[in-house]
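Let me begin by presenting the structure, written as structure tokens, before commenting on it.
Each residue takes its place number in the sequence, starting with 1. Side chains included, hydrogens not; waters and symmetry mates left out as well; all remaining heavy atoms used.
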Amino acid sequence: MPNSATPIPHSVAQRPDWMRELAVASLEDFQMISAMVKSWPNYQILAGPELGSIMIYGRIAGNGSPFPVGECSITRCMVEDAQGHTGYSWILGQETERALWAARWDALLQDSARFQDLWHRTIQPLQQKRLRNEQAVADKMQRTQVQFFSMENMRS
């Protein structure tokens, strides 16, 4: 029996990647990349932006049993554009404007005619900025790490 499953469009396969970048983008980032869009489709807000909270879980030593660390504020939003694309966003913190922008961008990036251009001009620069910021934090942590004296260190 031949495989009748339709292939996943290239843009849909990359959705987790762009959702990660949109979730951490600042309001200034959204203002910068939104200026690159010549025409926005009409959209309607289906839900939100609304504030809520989620429970954050951690694991002892990274692999132990999960335990509740505490609650975290989130803002979520859902929009639909004129082409029927539904955009979602979940943003850490209480930032309704960021959540609305992220949901609009999620819907816009689902448009296959515009995807490649938007990916290269907006999402990749956001990704590069995030990676640079993460590396800067890792470098700072490495420079300030304290090596405590112990018997195990002496044996090395």
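- Of the inter-residue distances, the one linking Glu80 atom CD with Gln44 atom CD reads 5.5 Å to the nearest 0.5 angstrom.
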So Val79 and Leu46, side chain to side chain contact (heavy atoms under 4.5 Å, CB included) or not? Walk me through it. CA-CA 5 Å; Val79 301; Leu46 300 178; 5.8 Å; no
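- For the pair Arg76 (side chain) and Pro49 (backbone), a donor-acceptor distance under 3.5 Å is absent.
- Under the 3.5 Å distance criterion, the side-chain polar atoms of Gln110 are matched with a main-chain donor or acceptor of Thr86.
- Heavy atoms only, all atoms of each residue included: Ala107 and His85 are closest at O-CB, 3.6 Å.
- Heavy-atom minimum distance, Arg98 versus Ala25: NE-O, 2.7 Å.
- In this structure, the side chains of Trp105 and Leu118 come closer than 4.5 Å at one or more pairs of heavy atoms.
- Among all heavy-atom pairs drawn from Arg59 and Pro66, the shortest one is NH1-CD, 3.4 Å.
- Between Val37 and Leu108 the shortest side-chain heavy-atom distance falls below 4.5 Å.
- A donor-acceptor pair under 3.5 Å links the side-chain atoms of Thr75 to the main chain of Glu95, judged by distance alone.
- Distance CD/Gln127 to CZ/Arg132: 11.0 Å, rounded to 0.5 Å.
- Leu109 and Trp40 end up in the same hydrophobic cluster when Ile, Leu, Val, Met, Phe, Trp and Tyr side chains are linked at under 4.5 Å.
- Taking CZ of Phe67 as the reference point, atom CD1 of Ile60 lies at 5.5 Å (rounded to 0.5 Å).
- No side-chain heavy atom of Ser73 sits under 4.5 Å from any side-chain heavy atom of Leu51.
- By the 6.0 Å contact criterion, CG on Asn42 is open, its count of non-hydrogen atoms from other residues, nucleotides or ligands being 12 or less.
- Asp81 has no carboxylate O lying under 4.0 Å from a charged side-chain N of Arg104, or vice versa, which leaves the two without a salt bridge.
- Put simply, Ile45 and Met78 are part of two different groups of oily side chains (I, L, V, M, F, W, Y) that touch within less than 4.5 Å, one to the next.
- Both Leu126 and Leu27 are members of a single hydrophobic cluster when ILVMFWY side chains are connected at heavy-atom separations under 4.5 Å.
- Checked by atom type and distance alone, the side chain of Arg121 never pairs as donor or acceptor with a backbone atom of Ile33 at under 3.5 Å.
- Side-chain contact between Ser39 and Arg114 is present, with at least one heavy-atom pair separated by less than 4.5 Å.
- Residues Leu22 and Ile123 meet the side-chain proximity criterion, which asks for heavy atoms closer than 4.5 Å.
- Cluster membership for Phe30 and Met32, using ILVMFWY side-chain heavy atoms within less than 4.5 angstrom, is shared.
- In terms of modelled atom types and a separation under 3.5 Å, the side chain of Ser89 and the main chain of Ala102 share no donor-acceptor contact.
- At a threshold of 4.5 Å between non-hydrogen side-chain atoms, the residues Gln14 and Phe115 count as touching.
- Looking at heavy atoms from C-beta onward, Leu131 lies out of side-chain contact with Gln135 at the 4.5 angstrom threshold.
- More than 12 heavy atoms of other residues, nucleotides or ligands shown are found within 6.0 angstrom of CE on Met55.
- Summarising the geometry, atom CG belonging to Asp111 is positioned 11.0 Å from atom CG belonging to Asp117; distances are rounded to the nearest 0.5 Å.
- Taking OH of Tyr88 as the reference point, atom CG of Asp106 lies at 8.5 Å (rounded to 0.5 Å).
- Residues Trp119 and Trp101 fall within the same hydrophobic cluster, defined by Ile, Leu, Val, Met, Phe, Trp and Tyr side chains chained together at heavy-atom separations under 4.5 Å.
- Looking only at side-chain heavy atoms (C-beta outward), Arg20 and Arg130 come within less than 4.5 Å of each other.
- Distance CD/Gln83 to OG/Ser112: 8.5 Å, rounded to 0.5 Å.
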